Amino acid sequence: HDLLREAAYETLEPTLRALYHARAGQWLERSGEADAGTLAEHFRLAGDPVRAAGYSARAAELALEGGDPDSVLLWADRGGAAHARLKEQR
C-alpha cells in the first residue's frame, strides 16, 4: 500500500502536488486539525513558508511540553528552514 501511494504521488507534477498539499492543509485548518506537525508538513510541501513556520513552531512547543526533545529539534529546524525560505521570497 505504501509503495503504491508513493508511486502515485511521484507521478504528480510538482506544481500540482503543491496545490494538493495547500488544499489539504486549508481543509485541515477549517476542520480543526489539532496536529500542528501535520499542518506544518502540508504547508511546507505546498510552498507556504508563513504557515509552515507557524505550525512548525507550534509543533515544537507541543513537543517541548510533551518532553520529546528529538521532535523539538525536528520542528525547530523545519520552522527555521521555512523562515529562511520566507526571507528568500522577499
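Predicted model only: the values in this text are computed from it and were never measured.
- Between A22 and A46, the closest heavy-atom pair is N-CB, 3.4 Å.
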Going through the checks in order, is the salt bridge (charged side-chain N to carboxylate O under 4.0 Å, His left out) test met by R44 and E41?
-> CA-CA 5 Å; R44 180 184 73 82; E41 194 62 6; 2.5 Å; yes
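- Distance check, rounded to the nearest 0.5 Å: CG of L86 to CG of D48 gives 9.0 Å.
- The two residues W75 and A40 come nearest to each other via the heavy atoms CZ3-CB, 3.8 Å.
- Atom CD of Q89 has more than 12 heavy atoms from other residues, nucleotides or ligands within 6.0 Å.
- The hydrophobic cluster containing Y20 does not contain W27, counting ILVMFWY residues as joined when their side-chain heavy atoms lie under 4.5 angstrom apart, directly or transitively.
- Taking the six-membered ring where tryptophan is involved, the planes of H42 and H21 are tilted, since the angle between them lies from 30° to 60°.
- For the residue pair E29 and Y55, a side-chain donor N or O sits within less than 3.5 Å of a side-chain acceptor on the partner.
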Let me see the working for Q26 and F43 under side chain to side chain contact (heavy atoms under 4.5 Å, CB included), right down to the final yes or no.
-> CA-CA 9 Å; Q26 292 163 1; F43 289 121; 4.3 Å; yes
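- The two residues A36 and A59 come nearest to each other via the heavy atoms CB-N, 3.7 Å.
- The two residues P49 and A82 have their closest heavy-atom pair at CB-O, 3.2 Å.
- By the 4.0 Å N-to-carboxylate-O rule, E88 lies too far from R85 to be salt-bridged with it.
- In this structure, S71 contributes its side chain and D68 its backbone to no donor-acceptor pair below 3.5 Å.
- A distance of 9.0 Å separates CG of L16 from OG1 of T11, quoted to the nearest 0.5 Å.
- Not a single donor-acceptor pair under 3.5 Å links the side chain of E13 to the backbone N or O of T15.
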